[in-house]
Amino acid sequence: MTDDDTLLEGIDTDTVVVDCPRLYDEYLSGLDADDLENELDAEEIRADYCDEVLEIMCEGIGQEALENKKMIKALMDDPEACRIIGEYIFYDDALYGLLNEIVQKKKAKKDKKKSKKKD
């Protein structure tokens, strides 16, 4: 998404200078100890919420992608996507076991067909 400049169409990013980090630091430094603790707790809650929203969104994108044959082909043609998926499977014992089971069954089926052709 970050490489898609069309997302910024119609937004003038050069006219407004946002000085939030300095203002936020000033805001935090002006709080008493209790208010500062509450603000930092609230910041953590907001960050956790944003992380959860992103996780849910990415899960939905993943499900949509895996339900679409064109997307699966595109993923298979992308070495980085294959590496990420492969790494995920490698570190998940259940998925790695399932993959091995599927590969072994496929190999056994292929071997059975070969032996029938020889007979």
Worksheet item: Is there a path of hydrophobic side-chain contacts, each under 4.5 Å between heavy atoms of I, L, V, M, F, W or Y residues, that connects I84 with L54?
Response: no
Practice prompt. With rounding to the nearest 0.5 Å, note down the distance linking CD in E26 to CG in L31.
Written response: 12.0 Å
Discussion item. Are R83 and E87 packed together at the side-chain level, in the sense that at least one heavy-atom pair is separated by less than 4.5 angstrom?
Written reply: yes
Item to complete: Go through E59 and Q63 one step at a time and tell me if the side-chain contact (heavy atoms from CB on, under 4.5 Å) criterion holds.
Response: CA-CA 6 Å; E59 182 181 341; Q63 288 174 346; 3.5 Å; yes
Worksheet item: Would L40 and Y49 show up in the same hydrophobic cluster when neighbours are defined by side-chain heavy atoms closer than 4.5 Å?
Response: no
Response to the item:
Minimal heavy-atom distance between I72 and A65, with the atoms involved, is CG1-O, 3.9 Å
Discussion item. Can you tell me how far apart CD (E55) and CG (D48) are? Round to the nearest 0.5 Å.
Written reply: 9.5 Å
Practice prompt. Grab the two heavy atoms, one from L95 and one from D92, that are nearest each other, plus how far apart they are.
Written response: N-OD1, 3.0 Å
Worksheet item: Does the pair K106 and E101 meet the rule for a salt bridge (Lys or Arg N to Asp or Glu O under 4.0 Å), with working shown?
Response: CA-CA 9 Å; K106 187 175 180 179; E101 183 181 315; over 6 Å; no
Worksheet item: Going from CD on E43 to CG on L36, what distance comes out if it is rounded to the nearest 0.5 angstrom?
Response: 9.5 Å
Practice prompt. Examine V53 and I61 and state if one hydrophobic cluster contains both, with Ile, Leu, Val, Met, Phe, Trp and Tyr joined whenever side-chain heavy atoms are less than 4.5 Å apart.
Written response: no
Practice prompt. Tell me whether Y88 is reachable from L99 by hopping between hydrophobic residues (I, L, V, M, F, W, Y) whose side-chain heavy atoms are closer than 4.5 Å.
Written response: yes
Worksheet item: Less than 4.5 Å apart, any side-chain heavy atom of C82 and any of D78?
Response: no
Item to complete: Consider only side-chain N and O atoms of Y24 and E39, and report whether a donor and an acceptor are under 3.5 Å apart.
Response: yes
Discussion item. A side-chain contact here means heavy atoms from C-beta on lying under 4.5 Å apart; do E64 and N68 qualify?
Written reply: no
Worksheet item: Is the closest side-chain heavy-atom distance between D25 and R22 below 4.5 Å?
Response: no
Discussion item. Looking at E52, I want to see if its CD is surrounded by more than 12 non-hydrogen atoms of other residues, nucleotides or ligands under 6.0 Å.
Written reply: no
Worksheet entry | I89 to Y96 - nearest heavy-atom pair and separation | O-CB, 3.4 Å
